[in-house]
Amino acid sequence: MSLTATVKAEGLDLAATGAWTAERASELEKIVDDMARRYGETRYVDIDLSGLERLDTFGAWLIERLNRSFVARGSTTRILNLSDSDRSLFEEVRLVNRTTDESEVEPRPNAIVAGLDQIGRAMSDIGRSLVLLAHLLGALTMVTLRIIAHPSRLRLTSTVHHLEKVGLNAVPIIVLSTLLIGAILAQQGIFRFRQFGAEAYVVEMVTVLVLREIGVLLVCVLVAGRSGSAYTAELGSMKMREEIDALRTMGLDPVEVLILPRIIAIVIAVPLLTFIGVIAALYGAGLVCWLYSDMSPTIYLERLREAIWPPSFAVGMIKAPFMALVIGLVACVEGFAVDGSAASLGMKTTASVVKSIFLVIVFDGFFAMFFATIGM
Amino acid sequence: MASNQSVISVRDLVVSFGGANILNHVDLDVFRGEILGFVGGSGAGKSVLMRTIIGLIPKQEGSIAVLGTDLSAVSDEQRRKTEQRWGVLFQQGALFSSLTALQNVQFPMREYLKLSPRLMDEIALAKLEMVGLKADVRKKYPSELSGGMIKRVALARALALDPEIVFLDEPTSGLDPIGAAEFDELIQTLQQTLGLSVFMVTHDLDSLHAICTRIAVLSEGRVITAGPIDAMLASEHPWLKSYFRGKRGRLVRH
């Protein structure tokens, strides 16, 4: 495999020999570019291919590229002794890569413009997804009203199925996580409060935190990661395989068939899980108080009874279904926004979890202001 | 055109799923430089044979030699070397959805050859043009391409390493008659320019008439006959008769 050059009075003779194939392409490219650079200013160039043993598209293209680089600099070229078997391949290659399109040279915008551009796009994306959320909420309300008018249209089997997946199957992980968080809060509280001799108030602190905030937030984060992502992935892959379009053509409303059962399931499951989570967290806190602070379970329960103010419990439980609705809606909107590619399914599933957790926290903030105002 | 050198030779092949023999002692040869059309009823095991040859399905008995190497008997490295010498066009294209058309074609090159980015761009673009696509598809993702374009990009990817054998799984299914005829023509042109041997699973009677040098027929787990289209048309085998001379067959013949 080589290319030998013979300089003659009236021009240049190039002779290609050996196998010009894909495996050698990178070496051949160097040889070809080198040749073109070295003999750039030649009037006549003959490329002799009689010594070629094998030629494939890669080799043919490199010879053509050599040829074109001479032509571009004003040389007259001839290709000699092309074998019959390679002729058609060569003719094919002569036609390709002729179009020089301007889109190739995209001017890179400067960093500031690119940054602004990205911020603008992100903002309009946020706006669009809020509109989609509102849209789905509206559709869901319509469907709910329709179901209330004709209760038999509710897909009970599907709802119960999702309830099992979102609710029942999540109990172990929820109990474990909240138990640990309760224990950790109590432990940290004991260490800090001990300095003021106020260890007894740990129970008060843990109770307020868990009942009002931590219980419901932790459950929501877990549910968003566990079930929100599953909703998005399920609906997304159904969208990719045109199953949702199939439903529509059969006269069925995807919101009624797919989304409503999922939303009902999550709205029922999250408050129940929150309740279980709160109990588990208080149990964990009790264990730690017993181990670290020698507070006997009887005394812990006594203090707990004093510390639990019913409205605190209500605050946590009232928030739960709204948070669930947010998670469910975001998950379904993202699922329906999946388009053809596998990458977009992954992106939307990520977006579903990130957005729902973020929105849950934002809503928690609004709730905190609201409950403070009404004195709960 | 077909010299008698066989590039794929399948001997006494048995493939079974769950105890049922899908392929029952199959013998088949594909010769250098031919386009072999492989037909058979739906579910007869055509795709199974193709997938067994390319190593996606394990075989129970028999031997398969591709380009003179028995793939089950050689080292992994040698196996990969042989695999570089064939290209596969899957029925749905099987383009990587996260890569653009150009990146899809470059994928095998990137894996196996050490090329400069410029050469890789040029060759990939050349391949896309050779399968009849315009340069502007190169930045599109598979989800933005039509069915016919996906098949063309997938063909370009199958041809990326300049293989000697190309396996085509129902290349014209899902294309309109005009698109299918163009695709047939494309396969024939490429076969001639690149000197390919083509193994084509198909149901398309037009393709069989138009471009196949030889046709092999799979029925009840065996290759019942193999030969040129005229032999098929002349055959008195009941299945062949209904396949080639049934209502749809008659429409095509002239």
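Heavy-atom basis, side chains included; hydrogens, waters and symmetry copies ignored. Below, chain A is the first sequence line, B the second, and so on; all start at residue 1.
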- Note on the structure: In terms of heavy-atom contacts, Ile35(B) and Ile211(B) come closest through CD1-O, 3.5 Å
- Note on the structure: Looking only at Met130(B), Glu122(B), Lys114(B), most heavy-atom pairs under 4.5 Å shared with chain A are made by Glu122(B)
- Query: Does the distance from a Lys or Arg side-chain N to an Asp or Glu carboxylate O, for Arg79(B) and Asp76(B), drop under 4.0 Å?
  - Reply: no
- Inspect the contact between Arg121(A) and Asp117(A) and indicate whether a charged nitrogen and a carboxylate oxygen are less than 4.0 angstrom apart. yes
- Applying a strict 4.5 Å limit to non-hydrogen atoms, the region of Leu113(B) in contact with chain A is side chain
- Message: Does any backbone or side-chain atom of Leu62(A) lie under 4.5 Å from a heavy atom of chain B? Answer side chain, backbone, both or neither.
- Response: side chain
- Go through the atoms of Ala160(B) and report whether side chain, backbone, both or neither lie under 4.5 Å from a heavy atom of chain A. backbone
- What part of Met109(B) lies closer than 4.5 angstrom to a heavy atom of chain A: side chain, backbone, both or neither? side chain
- Item | Part of Ser143(B) within contact of chain A (heavy atom distance under 4.5 Å) | side chain
- When you check the gap from the basic side-chain N to the acidic O, do Asp162(B) and Lys127(B) get nearer than 4.0 Å? yes
- Note on the structure: In terms of heavy-atom pairs under 4.5 Å with chain B, the winner among Arg65(A), Glu23(A), Glu29(A) is Arg65(A)
- Task: Can you label the angle between the Phe167(B) ring and the Trp86(B) ring as parallel, tilted or perpendicular, going by 30° and 60°?
- Result: perpendicular
- What's the shortest heavy-atom distance between Arg157(B) and Leu95(B), and which atoms? NH1-CA, 3.7 Å
